[in-house]
**Q** 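Mind having a look at this structure? Questions to follow.
FYI, side chains are in, hydrogens and waters are out, and symmetry mates aren't considered; it's all heavy atoms of this structure.
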Amino acid sequence: MILYAIWFAYGCFGLALLCCLYRVVRAPGLADRVLALDTMALNMIALLAIFGIDRGTGIYFEAALLFAMLGFISTVAYAKFVLRGDIIE
């Protein structure tokens, strides 16, 4: 039963990634595109966690943690760029 739930989760998060990719390409503003990229990062974290559960190993959870830190730092850097026009002061 867990196998069916994992494959269903793969499909749901894969579809969410495709929807976000469409939003990245067709968004009206730059902030919308960055928000879609941040949502894609969250979906990738979920996919990595599901893949770790599927394979039964912990290395994918560490990769998901690194991906989460990278996504957070990139979102903060973009917000700082939009507000001040410069990332490094």
**Q** Which atoms form the tightest heavy-atom contact between D38 and G71, and what is the distance?
**A**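 Reported closest heavy-atom pair: OD1-O, 4.1 Å.
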**Q** May I ask whether V34 and L21 are part of the same hydrophobic cluster, defined by side-chain heavy atoms of I, L, V, M, F, W, Y residues being less than 4.5 angstrom apart, directly or through others?
**A**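 No; L21 is not reachable from V34 via cluster members.
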**Q** Could you label the plane-to-plane angle of the W7 and Y10 rings as parallel, tilted or perpendicular, counting under 30° as parallel and over 60° as perpendicular?
**A**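 If you compare the ring of W7 with that of Y10, the planes turn out perpendicular.
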**Q** Rounded at 0.5 Å granularity, tell me how far CG in L3 sits from CG in D54.
**A**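 That separation rounds to 7.0 Å.
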**Q** Evaluate F51 against I6 for side-chain contact (heavy atoms from CB on, under 4.5 Å), listing each step before the verdict.
**A** CA-CA 8 Å; F51 195 71; I6 287 174; over 6 Å; no
**Q** State whether the number of non-hydrogen atoms from other residues, nucleotides or ligands found under 6.0 Å of I59 atom CD1 is greater than 12.
**A**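 Count not over threshold, so no.
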**Q** In the single-linkage hydrophobic clustering (I, L, V, M, F, W, Y; side-chain heavy atoms under 4.5 Å), do F13 and L37 co-cluster?
**A**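 Yes: a chain of side-chain contacts under 4.5 Å links F13 to L37.
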**Q** If two hydrophobic side chains count as joined below 4.5 Å and joins carry through other members, does L15 share a cluster with F8?
**A**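 No; tracing contacts between hydrophobic side chains, which count when under 4.5 Å, never links both residues.
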**Q** Determine, stepwise, if the pair N43 / T39 fulfils side-chain contact (heavy atoms from CB on, under 4.5 Å).
**A** CA-CA 6 Å; N43 287 330; T39 307; 4.1 Å; yes
**Q** Is it possible for you to say whether L48 and I53 belong to one hydrophobic cluster, with membership spreading through side-chain heavy-atom contacts below 4.5 Å?
**A**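 Linked within one cluster.
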**Q** Taking atom CD1 of I50 and atom CZ of R55, what is their separation to the nearest 0.5 Å?
**A**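 If I round to the nearest 0.5 Å, the distance is 13.0 Å.
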**Q** Do the side chains of Y60 and I45 join up, straight or via other hydrophobic residues, at under 4.5 Å, putting them in one cluster?
**A**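 Same cluster.
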**Q** Taking the side chain as everything from C-beta on, heavy atoms only, tell me whether S74 gets closer than 4.5 Å to M69.
**A**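 Contact flag for S74/M69 side chains = no.
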**Q** What's the verdict on side-chain contact (heavy atoms from CB on, under 4.5 Å) for L17 and L47, showing C-alpha distance, side-chain angles and the deciding distance?
**A** CA-CA 10 Å; L17 274 172; L47 279 174; 3.3 Å; yes
**Q** What are the two closest non-hydrogen atoms of R33 and V24, and how far apart are they?
**A**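 That closest heavy-atom pairing would be NE-O, 3.0 Å.
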